[in-house]
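Before any comments, here is the structure.
Note on naming: letters A, B, ... go to the chains in the order of the sequence lines (proteins, then strands), and numbering restarts at 1 for each one. The figures here come from the full heavy-atom set of this structure, side chains too, leaving out hydrogens, waters and symmetry mates.
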Protein chains: 2
Amino acid sequence: MGVKAAIGPAPARKITSVDVARLAGVHQSTVSRAFSDDGSVAAETRARVLAAARRLGYTPNAIARSLITNQSNIVGVVMAGISSPFQPYVLEKFLQALQERGRQALVFSAPPGQEIDDILPAVLQYRVDGLIITSATLSSARLEDCARAGTPVILFNRNVPGGGASAVCCDNVEGGRLVANLLLDAGHRRLAYIAGSANSSTNRDREKGFTDRLYERGIVGTLREQGRYSYESGYEAARRLLERDDPPDAIFCASDIIALGALDLARERGVRVPDDLSIVGFDDIPMARWSAYALTTIRQPVDAMIAATLALLQERRAAPDAPPVTKLFPGALVERGSARRASGEAGGPVGG
Amino acid sequence: MGVKAAIGPAPARKITSVDVARLAGVHQSTVSRAFSDDGSVAAETRARVLAAARRLGYTPNAIARSLITNQSNIVGVVMAGISSPFQPYVLEKFLQALQERGRQALVFSAPPGQEIDDILPAVLQYRVDGLIITSATLSSARLEDCARAGTPVILFNRNVPGGGASAVCCDNVEGGRLVANLLLDAGHRRLAYIAGSANSSTNRDREKGFTDRLYERGIVGTLREQGRYSYESGYEAARRLLERDDPPDAIFCASDIIALGALDLARERGVRVPDDLSIVGFDDIPMARWSAYALTTIRQPVDAMIAATLALLQERRAAPDAPPVTKLFPGALVERGSARRASGEAGGPVGG
DNA sequence: CTGAAAGCGCTTACAG
DNA sequence: CTGAAAGCGCTTACAG
């Protein structure tokens, strides 16, 4: 009533369910029930509680709830580098899917290409309900820590057979085969592969599918350049390839971002795409459809893969000791302008 | 000892500090101290506790800690769309900065251009220590909810004077002026502006700085196309501009991604950049330096802006009722190949 | 349908 | 330096 009151309303910090209960004239446990879906509360009581809560600006404390229910509703998402365009594309979809399901995402970024063991303790401290690791791997020691903590782990876009973790992945081997078929059917015989980071399963599998199919169809002597998953890397690798005495007439790049770099280098040197050189990527990132690139590529069915990841996480939480599974999703060939069409192919629907 | 033992080690779910205390032969509070930095524990005791913890695979429960310390160590990050390339670039830097400071990030993605009021309750339930909102705004009602909950809010890359929230922002008005000067000094007189989303402060400020400076220097009749922050939008807007009877010879785009679309459209139509047309963007996203684009642009000092955001958050947590402040950071002109150089300018260092 | 009480796993004065 | 105890803000059997 004195001078102090004039300073302004004392900010009533830290409103709890007890405050709401007092105002609504009920017990604290009733407040709790009013905020839970299945709590049996008289409709009228609930209305009174909710009104009091609104007046006080009360929101249930999810931290306290997590502690007692032993469920945080938080999923950990660890990404190895968000800078490569496929990653934010995936992350955004994960965030949306999680939000739709009423879950939160604690997101971590790891230096690309590295193991993410250092990050794990922080993730586990927050007792996340599950852990999604995209484009990275966890050592088996850390994987065991997760198992011991009862935290299910799903590897997204990384497939380590026998690695002890469940995985959701595009069928990269089959994708590589698809590209080999496409290029061979278009008449190419002088082929090259620009690899992504050496230690990634995506690179390994895409390369394997590609070269195996080439071999099956009698092609040998395919060129190879080691790259990383970056534009600059594709640009440089393509330079080395095109400076050869016997340059390739078709290049399969381990990912779209590599292909974009290769495409730009080719153009700069006056090599016409696809007339002189076919270039194919993998992922179908948003940029692949830019008219400047019109990249022929393999599309990963990201939405289905994300839904499967979340379903698997749920499943594993119920049955933590079930053996790891791997779910493979077929990629789809998207033909745009950067690769020659099969020679036998008709010009359009009319010709069919 | 019976059949059950053969099934395997019963997974000792939910190890707590009590379990560790028992194994180490100390009280539970001593375990807690051993895991805290300043807790006074005998070195030998701490070692024993840590050994026991390792053996049991114990990690302190951060959820329980948050409840008692009233500090979650979690920062909420709300982004309006991660798909535009500047956003993941910023997000990655935020995540890294937060990790370095021992903090976690609860990340939310909102539909771009929209208000993010719906997301706020979820954020507040988790009692985040602070909230960073990038490229989006909160209604004043929701801002008040945050104030009442004692959660400091910083707007990143959005500047709403008198909006009631603190903000960290590039000086977009000054950036717009810089571009006007550059283009005028290079001899351009027929100018155009491709706008970003109409309701964004970034667009408003960049346009204002640009047109004000043009006006000051006596240029009128500047063309304007409304766009959104997307490649496609820049592509289409540039088409409309270049199909005119009196096309511009220089275009300032509200952001780099718009400029990239404009650049590609120009090329497709055989318009030479920068000989026939200068194009300037804003942000300096990683793609701007790709050799295919070599985009002249304004670089936002993102690292400094992020450090300031985090410092401000810390500050506001200590003094929640301090009035909102806005920190403006100057952008830097980065001249690459997409805009003509000033006519008076020497060709290189030799000519100086 | 509602109240009273126990308990989730920690931290932190308070003694000694 | 260590132990004993209170308490953070909830949920959830248990009675009634």
Side-chain angles (χ1 to χ4, degrees), chain A residues 12-50 52-53 56-74 121 124-129 149-151, chain B residues 12-50 52-53 56-74 121 124-129 149-151:
Chain A
R13 295 264 179 270
K14 309 250 45 169
I15 308 288
T16 74
S17 57
V18 174
D19 302 310
V20 178
R22 196 176 305 132
L23 182 60
V26 296
H27 191 264
Q28 174 268 131
S29 55
T30 302
V31 174
S32 173
R33 290 194 187 97
F35 275 93
S36 90
D37 290 335
D38 49 64
S40 39
V41 200
E44 187 214 4
T45 308
R46 160 171 282 147
R48 197 147 38 93
V49 168
L50 261 28
L56 294 174
Y58 168 77
T59 328
N61 184 326
I63 298 279
R65 174 187 293 155
S66 301
L67 189 59
I68 190 96
T69 61
N70 189 25
Q71 178 176 332
S72 64
N73 273 327
I74 297 176
L124 255 24
Q125 284 210 350
Y126 279 86
R127 302 298 191 260
V128 295
D129 291 348
T151 308
Chain B
R13 294 262 178 273
K14 310 252 40 171
I15 309 288
T16 74
S17 57
V18 174
D19 301 309
V20 177
R22 196 177 305 132
L23 182 59
V26 296
H27 192 263
Q28 174 269 132
S29 56
T30 302
V31 174
S32 174
R33 290 195 187 97
F35 274 93
S36 92
D37 289 336
D38 48 63
S40 40
V41 200
E44 186 213 5
T45 309
R46 163 171 279 148
R48 198 147 36 95
V49 168
L50 262 27
L56 294 174
Y58 168 77
T59 327
N61 185 327
I63 298 279
R65 173 185 296 156
S66 301
L67 188 58
I68 192 95
T69 61
N70 189 25
Q71 177 176 332
S72 64
N73 273 328
I74 297 176
L124 256 24
Q125 284 210 350
Y126 279 87
R127 303 298 190 262
V128 295
D129 291 347
T151 308

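Within the 4.5 Å cutoff, the side chain of Asn61(B) has no heavy atoms near those of the Arg65(B) side chain. For the pair Asn70(B)/Lys14(A), a side-chain contact is recorded, criterion being any heavy-atom separation below 4.5 Å from C-beta on.
In DNA chain C, runs of at least 3 consecutive Watson-Crick or G-U pairs, each pair with both distances below 3.5 Å, span C:1-3 with D:14-16, C:5-12 with D:5-12, C:14-16 with D:1-3.
The two residues Val49(A) and Ala24(A) come nearest to each other via the heavy atoms CA-CB, 4.1 Å.
Atoms CD (Glu44(A)) and C1' (dT2(C)) sit 13 Å apart, rounded to a whole Å. Following rounding to the nearest Å, His27(B) (NE2) and dC14(C) (C1') show an atom-to-atom distance of 13 Å.
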List the protein contact pattern of nucleotides 8-13 of chain C with one symbol per nucleotide (5' to 3'): B for base contact, S for sugar-phosphate-only contact, - for none; contact means a heavy-atom distance under 4.0 Å. BBBBBB
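Taking the side-chain contact (heavy atoms from CB on, under 4.5 Å) definition, one finds that Ser32(B) meets it with Gln28(B), sequence neighbours left out. For Ser72(B), the side-chain hydrogen bond (donor to acceptor under 3.5 Å, both in side chains) partners at least two apart in sequence or on another chain are Asp129(B). Legend: residues meeting side-chain contact (heavy atoms from CB on, under 4.5 Å) with Leu56(A), ordered by chain and number and at least two apart, are Ile15(A), Asp19(A), Val20(A), Leu23(A). The side-chain contact (heavy atoms from CB on, under 4.5 Å) check on Thr30(A) picks up Val26(A), His27(A), Arg33(A), Val41(A), Thr45(A), with sequence neighbours excluded.
Ser66(A) comes within 4.0 angstrom of no nucleic acid atom, judged by non-hydrogen atoms across all strands.
The aromatic ring centres of Phe35(A) and Tyr58(A) sit less than 6.0 Å apart.
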